[in-house]
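Residue numbering restarts at 1 for every chain, and letters A, B, ... go by the order of the sequence lines.
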Protein chains: 2
Amino acid sequence: MNTSKSVDRGKVVGQGSLGEFEQMVLLAVLHLEDDAYGAAIQREIDERAGRRRTISAIYVTLVRLQDKGLVESRLADPTPVRGGKAKRFFTVTPVGVVALEDSRQAMDRMWEGLESSTRRAD
Amino acid sequence: MNTSKSVDRGKVVGQGSLGEFEQMVLLAVLHLEDDAYGAAIQREIDERAGRRRTISAIYVTLVRLQDKGLVESRLADPTPVRGGKAKRFFTVTPVGVVALEDSRQAMDRMWEGLESSTRRAD
DNA sequence: ACGTATTATTGACAATGTAATAAATAAAGG
DNA sequence: CCTTTATTTATTACATTGTCAATAATACGT
């Protein structure tokens, strides 16, 4: 039965738990400012974090992020270079920025005091 | 009805991408040193990151982390206080520490340059 | 012995991670 | 022209992680 309609959990903004990859995509978009589209985001994540992901991984995540209102997108001006569908550019919404900062802060607190003591003598 | 050949998808260490919660659990265990058992880990995450999770969420993650060799565990000395099963204490393995540092480093690079500019004027 | 408090374990399902594959679109080349 | 090829977005499918509810174990108090 699912007659409920309140239960806003799992709907709007997953209550503050962004996945690691979602965070990376969000951060890449922020870095790219006005040039955040699929391929560029992929490259950014590869260069910065050293994580090579397929382009589809990027897009799927982007779609989900948009569904949750953490990013917005618009189609590019009709000036394609060589072919391909019109580029879709993304921007992080204020809500997205907050979610990002929240995740960062939570992790910072978890790391607090361990910064340089993550060594074990075995 | 089950043509699958016993499914041996038991990978060694999932390519090195820890989930955010897995990281928190790992970090909590590190903080707790010699007192890292279920309830304590739960409390640690709640107090530090402000994330209140059910005890089962903790355990399930712990089990998976152990399957991947990122933590080890042993049962406590038979000196329970009030009742309950013997406590199971966890420690992070060297591999776990490395995975943790890797994740941290990747995120740090993604944040690099945005630390205090996550504000948008729109 | 029985109920209760304390801890661990299992089962089920939602959310996120990731890749293979498809679709769209326009320049290039014969 | 029309077929090929390059560029980019979108969809489908399945694996891994996140999360909680329910259950099992175990020892203390009465």
Side-chain angles (χ1 to χ4, degrees), chain A residues 2 7 9-26 35-43 45 49 51-68 70 73-76 78-90 99 103, chain B residues 4 7-26 35-43 45 49 51-68 70 73-76 78-90 99 103 106:
Chain A
N2 190 351
V7 185
R9 72 204 329 252
K11 196 53 181 175
V12 188
V13 177
Q15 259 50 49
S17 274
L18 289 174
E20 190 186 50
F21 189 57
E22 290 180 310
Q23 290 177 53
M24 286 191 179
V25 170
L26 244 17
D35 197 46
Y37 75 101
I41 295 172
Q42 177 183 40
R43 190 182 326 123
I45 292 178
R51 301 246 164 118
R52 188 161 311 190
R53 294 296 122 105
T54 59
I55 188 64
S56 17
I58 307 288
Y59 282 116
V60 171
T61 298
L62 243 13
V63 168
R64 290 171 182 164
L65 250 17
Q66 185 161 31
D67 285 345
K68 290 192 288 186
L70 304 187
S73 73
R74 64 180 189 296
L75 288 175
T79 11
V81 187
R82 169 71 176 73
K85 301 174 75 166
K87 288 181 181 174
R88 177 178 292 279
F89 289 104
F90 292 83
S103 291
Chain B
S4 58
V7 181
D8 182 35
R9 86 352 178 134
K11 292 309 169 80
V12 186
V13 175
Q15 291 63 40
S17 274
L18 291 174
E20 188 187 49
F21 190 57
E22 289 181 309
Q23 290 178 51
M24 286 191 179
V25 171
L26 244 17
D35 197 45
Y37 75 101
I41 294 173
Q42 176 183 41
R43 189 182 327 121
I45 291 178
R51 302 244 165 121
R52 186 160 312 191
R53 293 294 119 102
T54 59
I55 190 63
S56 15
I58 307 289
Y59 283 116
V60 171
T61 299
L62 243 14
V63 168
R64 289 171 182 164
L65 249 18
Q66 185 161 31
D67 285 345
K68 291 192 287 186
L70 304 186
S73 73
R74 63 180 189 295
L75 288 174
T79 10
V81 187
R82 169 67 178 77
K85 302 174 75 168
K87 288 181 181 174
R88 176 178 292 281
F89 289 104
F90 292 84
S103 292

Residue pair B:Arg74, B:Phe89: steps toward the side chain to side chain contact (heavy atoms under 4.5 Å, CB included) verdict: CA-CA 6 Å; B:Arg74 63 180 189 295; B:Phe89 289 104; 4.1 Å; yes
Verdict with reasoning, B:Arg64 to B:Val60, per side chain to side chain contact (heavy atoms under 4.5 Å, CB included): CA-CA 6 Å; B:Arg64 289 171 182 164; B:Val60 171; 3.4 Å; yes
Would you please test B:Arg53 and B:Met24 for side chain to side chain contact (heavy atoms under 4.5 Å, CB included) and show each step? CA-CA 11 Å; B:Arg53 293 294 119 102; B:Met24 286 191 179; over 6 Å; no
B:Arg51 vs B:Phe21, side chain to side chain contact (heavy atoms under 4.5 Å, CB included): CA-CA, chis, key distance, verdict: CA-CA 10 Å; B:Arg51 302 244 165 121; B:Phe21 190 57; over 6 Å; no
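Between B:Arg51 atom CZ and D:dT17 atom P there is a gap of 18 Å when expressed in whole angstrom units. Computed from coordinates, the A:Arg53 CZ to C:dT16 P distance equals 17 Å when rounded to whole Å. The CG-C1' distance, from A:Asp67 to D:dA10, rounds to 13 Å in whole Å. Following rounding to the nearest Å, B:Leu62 (CG) and D:dC20 (C1') show an atom-to-atom distance of 16 Å. At whole-Å resolution of the value, CD in A:Gln23 and P in D:dT17 are 16 Å apart. The interatomic distance linking A:Leu75 (CG) with C:dA26 (P) rounds to 13 Å, in whole Å. Spacing between atom CZ of B:Phe21 and atom P of D:dT19 amounts to 6 Å, rounded to whole angstrom units. A straight line from NZ of B:Lys87 to C1' of C:dT6 spans 9 Å, rounded to a whole angstrom.
With D:dT19, C:dT16, C:dT18 as the choices, the nucleotide that has an atom nearest any side-chain atom of B:Thr61 turns out to be D:dT19. Considering only the side chain of B:Glu22, D:dG18 comes nearest among D:dG18, C:dA19, D:dT8. Nearest nucleotide to the B:Ser56 side chain, out of C:dA19, D:dT19, C:dT9: C:dT9. Of the candidate nucleotides C:dT9, C:dT18, D:dT19, C:dT9 has the atom nearest to the side chain of B:Arg88.
Residue-level contact check: A:Val63 touches neither bases nor backbone, having no heavy atom under 4.0 Å from any strand. Among the protein residues, B:Ile55 comes within range of no part of the nucleic acid, since none of its heavy atoms lies under 4.0 Å from any strand.
Between B:Arg64 and the phosphate of D:dG18, there is no side-chain N or O to OP1/OP2 separation shorter than 4.0 Å. Distances shown here put every side-chain N or O of A:Lys68 at or beyond 4.0 Å from the OP1 or OP2 atom of C:dA15. The phosphate of C:dT16 has neither OP1 nor OP2 within less than 4.0 Å of any side-chain N or O from A:Ser17.
None of A:Leu26, A:Leu62, A:Leu70 except one satisfies the side-chain contact (heavy atoms from CB on, under 4.5 Å) rule with A:Phe90; the exception is A:Leu62.
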